[in-house]
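Naming: A, B, ... by sequence-line order, numbering from 1 per chain.
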Amino acid sequence: MDAERMDRGRRAVLKQGGGATLLALVAAAGWLRPEVAGAQAQAQAWNKAAFDTHNMAETMQALGGGEPAQSKDIVFFQTPDIAENGAVVPIGITSNIPKTESIAILVEKNPNMLAAVFDIPAGTEPSVTTRIKMGQSSNIYALVKADGKYYVAAKDVKVTLGGCGG
Amino acid sequence: MADPMKIRANVTGDTTEVKVLMSHEMETGQRKDAQGKTIPAWFIQSVTATWNGNTVLAAQWGPAVSKNPFLSFKFKGGAKGDKVLITWVDNRGDKRTDEATIA
Amino acid sequence: MRTFVAPGMGTLLGAALLATALGGAAVAPALLAQSSAVDEIAKYRAALQDGNPAELWEARGEGIWKQKRGPKQASLEQCDLGLGPGVVKGAYAQLPRNFADADRVMDLETRLLWCMATLQGFSDADSRKQLFGNGNERKSDMEAIVAYVTSESRGVPMNVGLANPKAAEMYRIGERIFYFRGGPHDFGCVTCHGDDAKRIRLQDLPNLTTKEGAQKAYTTWPAYRVSQGELRSFQWRLYDCFRQQRFPELVFGSDASIALTMFLARNANGAPFDAPAIKR
Amino acid sequence: MNATTKLAVTFVVMAMVGCAMGPSKEETAAKASAMLKTSFKANGQAGLDRLDQDETQRVCSALDGNAPSKEVAERIEKLNLATIKDPADGKFLGDWKNGEKIAQEGRGKQFSDDPAGPVGANCYACHQLAPQELSYGTIGPSLYQFAKLRGYGVDTQRYAYGKIYNPDAYAACSNMPRFGHNGILTEQQIKDVTALLMDPASPVNK
């Protein structure tokens, strides 16, 4: 079931990304270095080009890198299949891939695909939990850089809105 | 001036779990106000967590991270009484650092 | 596929949704799709519990509570919330109550306005400037103080008394207001909150006429509303219910708001208070 | 409303109070009404006159959410049946596609709504209708296959139209708004929603 879901996610990516595939995503994990210390240095390091991309192809171009492999060793946790409100969607990602260096969250159908990138220094568990906005139901990609290589997993999250009157 | 973060750091065995709530609008830059004017983007761009001077997490965020962000992670090491520092910087250059004592 | 869907048994979309969840599995019964959607939303709500931004309001509120403010440059630390000046712990679980000094039944928010006036010297207009946060930078001090004070009753069983005749009368009037139907839509509180296991769209509605329903609902307000990015007080909850009932605008701290709060709070007696909570 | 029926209502209310101590429910209801008047302020299109109950609202409010007695129900239903105005052109069905939009629209009549903006019926808040819409409420019964189950005839059309116009004509103290009687929807809008329920081409009847 997971494999099938991921496979569908991958097809969607390939369809959107064309020949460039997921090359670029890969680099997402590479931009941040643990040794970057000091908030000011970090702010300057913010990868505007990557965060400004509006579709997979652009994101790839902005980042550059090799094509990530589908991985069953990337696990979503505390991530619902259906979010009651798209303003706050809990996302938990654990990488069971040895030597994980970073974890990135991408939302396929958001205006800007890239939501967040976490650098995981040695000694920190390759697992993060945060909350993101989703404009609509979409695939969410977890992109992991480990030992210089790149891996990806996808999860489909539906967003419902509701309530009365508005 | 931004409100302080709420940071919890608890050690179990050799692992410290850190949970952070930040007070921030995380405005996407895509919403319009009542007059139809675009509300400018305003969001945290980078987050760093340090323990004993070591970076234990570094993140870059876009505006798709939810308002009043929540972040949780774990690192090896840490002892009761140690300090964990969290710093964020937003796209206006505002910056905030808060610390928590590991319990 | 449509022919498999019986009336009242979920929907096509539901089936499609479940099929997606199963990774493109064969068509599943629509009823299962509905329950699956409800289960998944329950998981969503559970995932939110881990970190509640209401804590940011609680911290800010505690700061405001202790800060010297107003023309009299006094803090709220001597405010009597019913258990004596300065006692915050457990106070909310016994509100609303009659206050002899004001000769009036008050809920928390009304009492805070009273203390802002008497202790700090704020004019009514000043203390009412930002009763609700507006979803952006203009945050409400009132909602922050409410978050702090209510958080100090977490785990304390609700214990609202009616021994005072004024309190008892407010309860009876609050009950009438609960059943009062009016406006162009004939809506009253009871329209949405008078039966078990009902929903508006996909939102579950508590039955506030039962003890369990009242307990579950009342003890989980105030709440951080993720849809608004704001912490909302119980006064706001009533204000916005009446807005959607197509009533005129409920005045903050008005007698009707206190009477209705009294009715609901008293019906929640016995249940441990568990807020500020986090809701959609 | 004449004096005789008013007295009858009073009698019913008093009878329900029985020999309870303290103020009667009716006295308390009067206090509640007075308190409401001082506890709200007019805002935009929502004036304080919205707190003035008509006979139906007053009688239904006194029921504490319970069903009315047979006598009260008959009287309320008769009262409300008399308010229903059939469409001027005699045709009950409008455009079901428009009806679907009206059924989805939740805005209208709130003080926060633009008075010139859309006014919907928000049917999905309480009812299942077209099966494509997963997000529906359950305060009212499912209306999926409404006409498929009841027939497409003109009598059913008239009933559906009347039920939307004034549901209290068929079920006293219904939770459903009296969309026509209280001027929430226009005649054309009611016809469109009727078509959503009654048109063989409507997704409701698939």
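At a 4.5 Å heavy-atom cutoff, C/Phe252 makes no contact with chain D through either its backbone or its side chain. Residue C/Ile258: no heavy atom, backbone or side chain, is found under 4.5 Å from chain D. For C/Ala197, the part sitting under 4.5 Å from any heavy atom of chain D is the backbone (N, CA, C, O) and nothing else. Of the atoms belonging to D/Leu51, heavy atoms from both backbone and side chain fall under 4.5 Å from chain C. Neither the backbone nor the side chain of D/Thr56 comes within less than 4.5 Å of any heavy atom in chain C.
Comparing D/Ile184, D/Asp52, D/Leu48 by heavy-atom pairs within less than 4.5 Å of chain C, the highest count is held by D/Ile184. Between chain C and the residues D/Gln104, D/His127, D/Gln45, the most heavy-atom pairs under 4.5 angstrom are made by D/Gln104. Ranked by heavy-atom pairs under 4.5 Å with chain C, the first of D/Ala32, D/Cys126, D/Gly65, D/Ser61 is D/Ser61. Between chain C and the residues D/Met176, D/Lys148, D/Gln57, the largest count of heavy-atom pairs under 4.5 Å involves D/Gln57. Interface summary for chain D: among C/Ser254, C/Ala259, C/Pro248, C/Gly174, the most heavy-atom pairs under 4.5 angstrom belong to C/Pro248.
In this structure, CD1 in C/Ile200 is found 4.5 Å from CD1 in D/Ile139, a value given to the nearest 0.5 Å. Here OG of D/Ser135 is found 4.0 Å from CG of C/Leu202. Values are rounded to the nearest 0.5 Å. Atom-to-atom distance recorded for C/Asp240:CG and D/Gln110:CD is 8.0 Å, nearest 0.5 angstrom. Taken to the nearest 0.5 Å, the CD atom of C/Glu169 stands 7.0 Å off from the OG1 atom of D/Thr28. Annotation: the span from D/Ser24 atom OG to C/Arg172 atom CZ amounts to 10.0 Å, rounded to 0.5 Å.
Atom NZ of C/Lys211 has more than 12 neighbouring heavy atoms from other residues, nucleotides or ligands inside a 6.0 Å radius.
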Requested in this report: Just do the side-chain contact (heavy atoms from CB on, under 4.5 Å) check on D/Met35 and C/Met170 with the steps written out, would you?
Outcome: CA-CA 10 Å; D/Met35 188 182 279; C/Met170 284 298 257; 3.7 Å; yes
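C/Arg201 has its side chain within reach of D/Asn122: a pair of non-hydrogen atoms, C-beta onward, lies under 4.5 Å apart.
Heavy-atom neighbours of chain D within the stretch residues 177-186 of chain C, taken at a separation under 4.5 angstrom, comprise C/Ile177, C/Tyr179, C/Phe180, C/Arg181, C/Gly182, C/Gly183, C/Pro184, C/His185, C/Asp186.
Closest approach of C/Arg243 to D/Ser112, counting heavy atoms only: NH1-OG, 2.7 Å. Contact between C/Val251 and D/Lys41 at its shortest, heavy atoms only, is CG2-N, 4.0 Å. Residue C/Ala256 comes nearest to D/Leu36 through the heavy atom pair CB-CD2, 3.9 Å, listed as atom of the first residue, atom of the second, then distance.
For D/Thr138 (side chain) and C/Arg199 (main-chain N/O), a donor-acceptor pair under 3.5 Å exists by modelled atom type.
Ring-centre distance between D/Phe111 and C/Phe247: not below the 6.0 Å cut-off.
Checked against salt bridge (charged side-chain N to carboxylate O under 4.0 Å, His left out), D/Asp64 has the following partners two or more places apart in sequence or in another chain: C/Arg176, D/Lys25.
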